[in-house]
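Here the structure comes first, spelled out in structure tokens, and everything after it is commentary.
Lettering of chains follows the sequences in order, A, B, ..., and the numbering in each one begins at 1. Fair warning: this is a prediction, and the values are worked out from it, not measured in the lab.
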Amino acid sequence: MPSYWLCKTEPSVYSIADLRRDGVTGWECIRNYQARNFMRDSMSPGDRVLIYHSNAEPTGVAGVAEVVGEARADPTQFDPKSEYHDPKSTRTAPRWMMRDLKFVECFTQVVELEELRAAAALQSMVALQKGNRLSVTPVTAAEFAAVLQLAKSSKGRKR
DNA sequence: GCCAACGTTGGC
DNA sequence: GCCAACGTTGGC
């Protein structure tokens, strides 16, 4: 049974279009222990991931990716020039782990935050809870299906 | 740019 | 272990 996730990204930094271009990318620069634990311990190859554009116009779910391979060390933690360099991390015991994500689908139109909040099926979705700032959150199978439905339905489109 | 709602750090 | 100060996230 695959699990489902939502990963946030700022599209001005890395968007669903960038993922489509790259095919597969290391989901780098996560520096929150809870998000790291989800990626390191709870994700499995084949899990589906909603790609969420934050700090964007529009903000919302822009497409779908898939987890490929096992967790591996985030290379940016070892790069002294990176703003994500972590001098306390070592290669033998890396602190920050990430997954590789593979492009699956780019929605024809972003399912906007307002639509997500209005959907009855998404009232309990972790990423939408008040005050939640985690960039990696679990999604139920039903919530995942509901977002895909919004992406495909006419209700999910403008005009 | 503002600011609410977090998470992290460090003194004690 | 407490908690004030500070930093970050992310919608608006």
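Regarding A:Y33, its OH atom lies at a distance of 14 Å from the P atom of B:dG7, rounded to whole Å. Rounding to whole angstrom units, CD of residue A:Q34 and P of B:dC6 are separated by 12 Å. Here C:dT9 presents its C1' atom at 10 Å from CG of A:N132, a figure rounded to the nearest Å. A:N55 has its CG atom 14 Å from the C1' atom of B:dA4, to the nearest Å. Taking atom CZ of A:R133 as the reference point, atom P of B:dT8 lies 9 Å away to the nearest angstrom. For A:H53 and C:dG11, the NE2 to P distance is 12 Å, given to the nearest whole Å. Residue A:Q129 contributes atom CD, which lies 11 Å from atom P of B:dC6 at whole-angstrom precision. Whole-Å rounding puts the A:D86 CG to B:dT8 P distance at 13 Å.
Among the candidates A:W5, A:Y4, A:W27, the single residue satisfying the ring-ring contact (aromatic ring centres under 6.0 Å, His included) test with A:F38 is A:W5.
When atom types are taken as modelled, the side chain of A:D47 and the backbone of A:S3 share a donor-acceptor pair closer than 3.5 angstrom. Side chain of A:N37 to main chain of A:Q34: no donor-acceptor pair is present (N/O by atom type, distance under 3.5 Å, no hydrogens or angles).
An OP1 or OP2 oxygen of C:dT9 is reached within less than 4.0 angstrom by no side-chain nitrogen or oxygen of A:K8.
Each of A:K88 and A:N32 lies near DNA chain B, and the nucleotide nearest A:N32 is the one positioned closer to the 5' end.
For the residue pair A:S54 and A:R133, no side-chain donor N or O sits within less than 3.5 Å of a side-chain acceptor on the partner.
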